[in-house]
Amino acid sequence: LFPCHTHIDFMSAPLSLEIFAGFAMFALIFVTLERCFPLRLQRMLRPGWYVDVTYYVTGCFIGRLSDSISLSAMLLVRWALGLNANGLVSHQPEWLQFIELVLLADFLSYCYHRAAHRYHWLWQFHKIHHSSTQMDWLVNVRVHPLDKIMGDCSLFIPVFILGFSDAPLLAYSIMLGFQGFLNHSNIKLDYGPLRWVIASPTFHHWHHCAEPEAYNKNFAPHLIIFDLLFRTAHMPRGKTPPDRYGIDEPIPDGFLRQTMAPFRKRNQPATTPKNQKRQPAILPSK
Ligand SMILES: [Zn+2]
Ligand SMILES: [Zn+2]
């Protein structure tokens, strides 16, 4: 879910470079992959593609804002707790930090993502990400600005407080950017024997499935360990990825209308049967 976080690595680079060069690079890689290994035959410029380009551009600005919020929170917490400015983990070997970072980030992302499906007020923002009825690489960036800020901060504030070194952070942020686009891509890929280890496009396509059997499943961004642990993993053997994507709730067209939608009065707590189906009580009972 968490898109285009390569801005962490390129914070010193001009934003315009990040926006245009980054978009061109991702488009080249993932359009090529979708042309070579398509899951479904569909038009490259599907309905709503230009709205998602708007999300990409604004997401780069929002990403810098959430970085600033996360860094400020980190400084505040470290000051309040009297923590060492070098962090708690930076003395460890970088390969070990990277493994710890992936596991920690997956756990934090899992918790936030699951909460975004569980709690009505968070779902009002997160459901924008689920509104596309077709899947391709660009769906990755269709994220409401507040959903992005909350998701980024819930992940990066703890990560920054722990003080990981630059190299593991760089490697992780590149992985985060690529795997986010890859897992939304219209390609057929499930990693074969590792299908229950690494989150694949097949795994994440089920998360976007519009059928009740797949509601509130497959929350993790990189590894499947926490979905297996908390029994939210769903990838039926022998079944191709779902035919129907999206949600059974009306979502307005256009970036501005979608951004304002969660603040409109009619988005009161779930009362329609469709909404109730999407948000069952999913937290572990023990
Ligand atoms: Zn997604
Ligand atoms: Zn989701």
Side-chain angles (χ1 to χ4, degrees), residues 1-5 26 30 34 39-40 46 48-49 51-52 55-56 59 63 105-152 154-155 175-187 189-190 198-224 226-227 230 232-235 241-242 244-249 251 258 261-262 270 274-275 277-283:
L1 170 64
F2 303 100
C4 186
H5 229 288
F26 288 126
F30 292 102
E34 289 182 343
L39 173 65
R40 294 194 173 80
R46 57 157 169 80
W49 68 270
V51 177
D52 292 343
Y55 275 108
Y56 180 90
D106 246 44
F107 178 67
L108 295 169
S109 299
Y110 178 93
C111 292
Y112 172 76
H113 195 177
R114 190 161 176 171
H117 281 245
R118 172 69 181 83
Y119 296 107
H120 176 79
W121 71 276
L122 280 175
W123 172 249
Q124 295 310 305
F125 300 101
H126 184 64
K127 71 181 181 183
I128 302 298
H129 179 64
H130 284 268
S131 62
S132 182
T133 54
Q134 290 183 19
M135 290 292 281
D136 66 15
W137 68 284
L138 205 47
V139 172
N140 182 42
V141 295
R142 186 183 295 194
V143 180
H144 190 283
L146 270 178
D147 189 23
K148 179 163 173 57
I149 289 173
M150 291 187 286
D152 285 355
S154 65
L155 168 61
M175 185 180 95
L176 179 62
F178 273 86
Q179 202 171 2
F181 285 113
L182 181 68
N183 285 352
H184 291 84
S185 296
N186 175 39
I187 62 174
L189 179 65
D190 68 4
I198 304 170
S200 62
T202 300
F203 179 80
H204 196 66
H205 278 224
W206 278 108
H207 179 70
H208 281 260
C209 175
E211 303 299 337
E213 64 166 305
Y215 284 178
N216 304 314
K217 305 287 186 196
N218 300 4
F219 294 110
H222 307 302
L223 302 171
I224 304 184
F226 295 109
D227 278 297
F230 298 121
T232 52
H234 180 81
M235 255 192 310
R244 207 165 69 87
Y245 301 107
I247 54 174
D248 294 328
E249 294 179 56
I251 302 287
Q258 289 178 0
K274 286 173 182 172
N275 214 0
K277 272 200 300 183
R278 173 54 81 167
Q279 299 182 72
I282 57 166
L283 292 178

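Whatever order the structure lists ligands and atoms in, that order sets their numbers, starting from 1.
- In this structure, H204 and Q179 have side chains that are not in contact, with every pair of non-hydrogen atoms separated by 4.5 Å or more.
- Summarising the geometry, atom CG belonging to D136 is positioned 5.0 Å from atom CD belonging to E34; distances are rounded to the nearest 0.5 Å.
- Under the side chain to side chain contact (heavy atoms under 4.5 Å, CB included) criterion, Y245 pairs with L39, R40, M135, H205, H208, P241, P242, not counting sequence neighbours.
- Angle NE2(H207) to the Zn ion (ligand 2) to NE2(H130): 90° [nearest 10 degrees].
- Not a single N, O or S atom of H129, from either the backbone or the side chain, sits less than 2.8 Å from the Zn ion (ligand 2).
- Here the angle centred on the Zn ion (ligand 1), running from NE2 of H204 over to NE2 of H208, is 100°, rounded to 10°.
- Judged as a side chain to side chain contact (heavy atoms under 4.5 Å, CB included), and not counting sequence neighbours, the contacts of D190 are R195, S200, T202.
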